[in-house]
Amino acid sequence: MEYEPIIGLETHAQLLTESKMFCRCRADYAAAPPNTLVCPVCLGLPGVLPVINRRAVEYTVMTALALNCSFPEHAKFDRKNYHYPDLPKGYQISQYDLPLSQNGWLAVDSPGGPKRIRIRRVHLEEDTAKLFHVANQGETYSLIDFNRAGVPLMEIVTEHDFASVDEVRQYIIKLRAILRYLGVCSGDMETGAMRFEANISLRPKGSDKYGTKVEVKNLNSFRAVLKSLQYEMDRQARLLEAGGQVKQETMGWDDAGNVTVVQRSKEEADDYRYFPEPDLPPLVLSREWIESLRARLPELPDAKRQRLVAQYGITPYDAGILTGEKALAEYFEACAARHPNAKAVANWITRDLLQLLNSTNTTIEACPVTPDSLAQMLKLLDDGVISSKLAKTVFEEMFKAGKGPEEIVAAQGLIQISDASQIESIVEEVMATNPRAVADFRAGKEQALTFLVGQVMKATRGRASPALANEILRRKL
Amino acid sequence: MKLTVDQVRHVAHLARLALEPEELERFREQLSAILEYAEVLQELDTQAIPATAMVVPLENVMRPDQAGPSLPREEVLANAPQREQDCFRVRAILD
Ligand SMILES: [Zn+2]
């Protein structure tokens, strides 16, 4: 039987605030020695008073606006109670029944056309401490660093709207781009700034029933999300096919083994005894506040992509690549403002430049080729000063040396030879040293000409104009 | 409302309290009495009163996003039952 998956996704995103969610400890713990960004509030000592970080609320509202969410009249914080050493207080401050925002959507492409993945809610909570598990001479124990405890954490929950792993892939790419455009989250998965949990069930294709859901936790990379979902789809399909039943359970993703494993379920894990956080008065988001935040939204990836296609006549595919990062789109527009052929600009950026950036692990912000330089190089190409073949070499040199194209062309003698008499003498030399090819051509073998043009290019280290070399060869032959 | 011994055991477990059998029975009685006392509130007609999570008339209490000093690490770790490498050390935790 053919099965289709039904998938829902939860995303946790650390917010790029200066201070923690409810206290003034610094939120950027990346370089801090263990337990140096901790205070009585985030340690949960008796008698302290947490106070809401306004910027964290603003970032959450901006994200919710970008995800087409609506805002309940009241929002409040609640205590989620459970025992785990990563929680200094014995509870996590989160949001239960009145989240900051709800009912949004994000569009992905599906086989049937554009499709909205519904967002159930976007809410705010605090991150937990980091645990290190140690096995040392037969002894096992855990070490706790509380620096991460209390860092603002935004949770974005979808409905069970994904019908394929590819839709999840698109959603994550889009969501990450939006968060980075907004500047609210680094989107950095290696450092845990963006983490996922998924739930997945299968049902016979075309059925409208829901199967038994399995939760998959510990998804700390893009790859882990996609691999674990594919693995669960296969596992559940095999189980159902053999007449078995899927058990409702929580799995973890084992990145090294490439399998999902049943997690020892935390005892009483679902008995969180949520109750309103008595230390935090409710939030009432006024229309004016929300509108002032809406005015701060940048042009978002989808809108930018459509505009680039309309304004510059580039392909939707290229526009999609260029708008993946805000800085990359800005780089493109800066180049397009300096060179009339936007399609050529898009080509050079999406192919050559991105390849160089990736292979050298360089960000577009640190790109050694300025928009001015790229535009100058394209002009040299248009004017016939350099051949299209050499342009690639010139571009790589520009990237490596961080210099302008004219300087590189002059220093390396890469200027195209368009002087007919100069090429004529080289053609004569090539003909003299390759009598066999000359004879072949005269006997009617067209490919021999391609070979001879190649020899001319080789003799000039690619500087001859190929069109001119071709023309002169034909004449001489 | 009369609690069962199982309910008391469950609540005790959630609070990580180990109770002796006679304590289970004693707390069952005491907790039941407290709940029964609070049941008086059920007699009030609250139909016209909107639900609220907060009785103080406050809302939107927020602070600007500015970082300040944290505690010196020695003070943070002062009450740690065990420490190692500037971290709190606890019994092995399995994820
Ligand atoms: Zn703190």
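What you see below is based on every heavy atom in this structure, not just the backbone, and it leaves out hydrogens, waters and symmetry mates. No experiment lies behind these values; they were computed from the predicted model shown. Lettering of chains follows the sequences in order, A, B, ..., and the numbering in each one begins at 1.
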Original post:
What's the spacing between A:Ile144 CD1 and B:Arg89 CZ if we round to 0.5 Å?
Top reply: 11.5 Å

Subject >> Interatomic distance, B:Phe88 atom CZ to A:Leu43 atom CG [nearest 0.5 angstrom] >> reply: 5.5 Å

Subject >> Electrostatic pair B:Arg91-A:Glu139, nearest N-O below 4.0 angstrom >> reply: no

**OP:** Begin from the C-alpha positions of A:Tyr141 and B:Gln82 and carry the test side-chain hydrogen bond (donor to acceptor under 3.5 Å, both in side chains) through to its verdict.
**Re:** CA-CA 11 Å; A:Tyr141 51 90; B:Gln82 270 189 296; over 6 Å; no

Report which part of [X] has an atom under 4.5 Å of a heavy atom belonging to chain B: side chain, backbone, both, or neither.
X	value
A:Pro34	both
A:Lys217	neither
A:Val57	side chain
A:Cys23	backbone
A:Leu45	neither
A:Phe275	neither

Between [X] and [Y], is there a donor-acceptor pair closer than 3.5 Å when you use the side chain of the first and the backbone of the second?
X	Y	answer
A:Asn35	B:Arg73	no
B:Asp65	A:Ser19	yes
A:His133	B:Ala92	no

Subject >> Top contributor to chain B contacts, counting heavy-atom pairs under 4.5 Å, from A:Cys39, A:Pro282, A:Cys25, A:Pro276 >> reply: A:Pro282

Subject >> Pick from A:Val41, A:Val284, A:Thr140, A:Asp145 with the largest number of heavy-atom pairs that fall under 4.5 Å of chain B >> reply: A:Val284

Original post:
For B:Val56, is it the side chain, the backbone, both or neither that has a heavy atom under 4.5 Å from a heavy atom of chain A?
Top reply: neither

Original post:
Less than 4.5 Å apart, any side-chain heavy atom of B:Leu71 and any of A:Val38?
Top reply: no

**OP:** Side-chain contact test, heavy atoms from C-beta onward, threshold under 4.5 Å: evaluate it for B:Met62 versus A:Asn53 and give yes or no.
**Re:** no

